[in-house]
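Just so you know, these numbers come straight off a predicted model, no measurement behind them. Counting begins at 1 with the first residue of the sequence.
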Amino acid sequence: MKFADFISPGAINADLRADGKEEVIREMVQGLLDAGKIPANEFESIVRAILNREELGSTGIGRGVAVPHTKHPSVDQLVGTVAVSTEGVDFDALDGEKVHLFFLLVSPQDRPGDHLRALENISRQLRNDTFCRFLKQAKSPEEIRQLLEEADNNQFGV
């Protein structure tokens, strides 16, 4: 699975303003709503589902990265977005560091394979320090989209 299979270009945020876990999630889910990827009447339900997942254990996986995610009945295909925080956000990451790169996923409840393949792709790509460094330096959604495309084409050697 590639980023192009699930990341919504219209929801990418190169200038995340949120400064807390719930605010990050709300801002990113709003991006998916604005891009027409989730139903407006399910906004709060999706935010709550992601926050409930966070209560099981932080999706702040370390090295400045978090992957908040959930399965939700309101989507019929995997949708996701990327956000970059210049300042970094305390996201209860496993290493205690602030998070700068966020990948948010919402997947259908009946497609766990897609959900796992997307998480695997994200974690594999984010092990590449060069990719992470370039993402953190991206100044526009277009720059982020280009980096995701380069990662999909194995230009970072992952």
Side-chain angles (χ1 to χ4, degrees), residues 1-85 88-95 97-127 131-132 135-136 138 140-142 144-145 147-149 151-152 158:
M1 181 168 288
K2 296 179 180 260
F3 287 123
D5 296 331
F6 60 90
I7 296 295
S8 172
I12 294 173
N13 184 344
D15 189 23
L16 191 68
R17 290 286 165 215
D19 61 2
K21 183 181 279 198
E22 182 171 345
E23 293 82 9
V24 166
I25 291 166
R26 286 185 173 281
E27 193 171 334
M28 292 183 76
V29 173
Q30 183 66 50
L32 289 172
L33 176 63
D34 293 347
K37 296 299 182 181
I38 61 167
N41 63 332
E42 295 291 346
F43 177 87
E44 286 299 328
S45 176
I46 291 170
V47 168
R48 271 194 310 279
I50 295 169
L51 289 170
N52 288 342
R53 167 59 191 85
E54 288 294 323
E55 288 177 12
L56 299 174
S58 178
T59 58
I61 58 176
R63 299 178 65 225
V65 175
V67 189
H69 59 273
T70 193
K71 296 177 183 125
H72 200 273
S74 69
V75 296
D76 57 8
Q77 68 179 24
L78 178 65
V79 294
T81 185
V82 180
V84 177
S85 169
V89 177
D90 181 359
F91 209 79
D92 302 320
L94 300 176
D95 62 2
E97 298 295 318
K98 285 188 171 188
V99 173
H100 295 271
L101 300 176
F102 297 89
F103 286 77
L104 183 137
L105 297 175
V106 182
S107 63
Q109 291 179 312
D110 62 347
R111 306 268 296 275
D114 287 351
H115 190 79
L116 291 173
R117 280 190 293 280
L119 288 171
E120 191 275 330
N121 177 60
I122 292 167
S123 66
R124 185 179 71 249
Q125 296 292 351
L126 292 175
R127 283 194 290 268
F131 177 63
C132 289
L135 264 183
K136 288 175 186 173
S140 70
E142 180 54 33
I144 293 171
R145 193 203 58 72
L147 288 166
L148 297 177
E149 186 177 305
D152 280 348
V158 177

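No donor-acceptor pair closer than 3.5 Å links the side chain of D5 to the backbone N or O of I7. Formation of a donor-acceptor pair under 3.5 Å by the E54 side chain with backbone atoms of T59 is found in this model. Side-chain atoms of D95 come within 3.5 Å of backbone atoms of R63 as a donor-acceptor pair (strictly under, hydrogens ignored). Remark: side-chain polar atoms of D152 are paired, donor with acceptor, to backbone N or O of F3 under 3.5 angstrom.
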Using residues 34-43 as the side-chain source, report each donor-acceptor pair under 3.5 Å to any protein atom, sequence neighbours left out, with the distance given to one decimal.
residue: D34; atom: OD1; partner: Q30; partner atom: NE2; Å: 2.7

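Considering only heavy atoms from C-beta on, R53 comes within 4.5 Å of L56 through its side chain. Side chains of P108 and V75 form a contact here, defined as non-hydrogen atoms less than 4.5 Å apart. Counting heavy atoms from C-beta on, the side chains of F6 and D114 never come closer than 4.5 Å. You'll find the side chain of V84 stays beyond 4.5 Å of the side chain of L16, heavy atoms only. Within the 4.5 Å cutoff, side-chain heavy atoms of I12 are placed close to those of L148.
Using a 30° and 60° split on the angle between ring planes, F91 and F102 fall in the perpendicular class, above 60°.
The distance from the NZ atom of K136 to the OG atom of S85 is 11.0 Å, given to the nearest 0.5 Å. Taken to the nearest 0.5 Å, the CZ atom of F103 stands 5.0 Å off from the CG atom of L135.
Across every non-hydrogen atom of S107 and L78, the tightest pair is CB-CD1, 3.3 Å. Smallest separation of non-hydrogen atoms from I50 and P68: CG2-CB, 3.8 Å. When all heavy atoms are compared, the tightest approach of V24 to A18 is N-CB, 3.3 Å. The two residues N13 and I144 have their closest heavy-atom pair at O-CD1, 4.1 Å. Smallest separation of non-hydrogen atoms from V99 and V65: CG1-C, 3.7 Å. What you find for D15 and E27 is that their closest heavy atoms are O-OE2, 4.2 Å.
Electrostatic pairing of R117 and E120 does not count as a salt bridge here, judged by no charged N lying under 4.0 Å from a carboxylate O.
Taking K71 as the reference, nothing meets the side-chain hydrogen bond (donor to acceptor under 3.5 Å, both in side chains) condition, with sequence neighbours excluded. For H69, the ring-ring contact (aromatic ring centres under 6.0 Å, His included) partners two or more places apart in sequence, or in a different chain, are H115. Not a single ring-ring contact (aromatic ring centres under 6.0 Å, His included) links H100 to another residue, sequence neighbours left out. In terms of the side-chain hydrogen bond (donor to acceptor under 3.5 Å, both in side chains) criterion, residue partners of R26 (sequence neighbours excluded) are, by chain and number, E22, E44. For T70, the side-chain hydrogen bond (donor to acceptor under 3.5 Å, both in side chains) criterion is met by no residue, not counting sequence neighbours.
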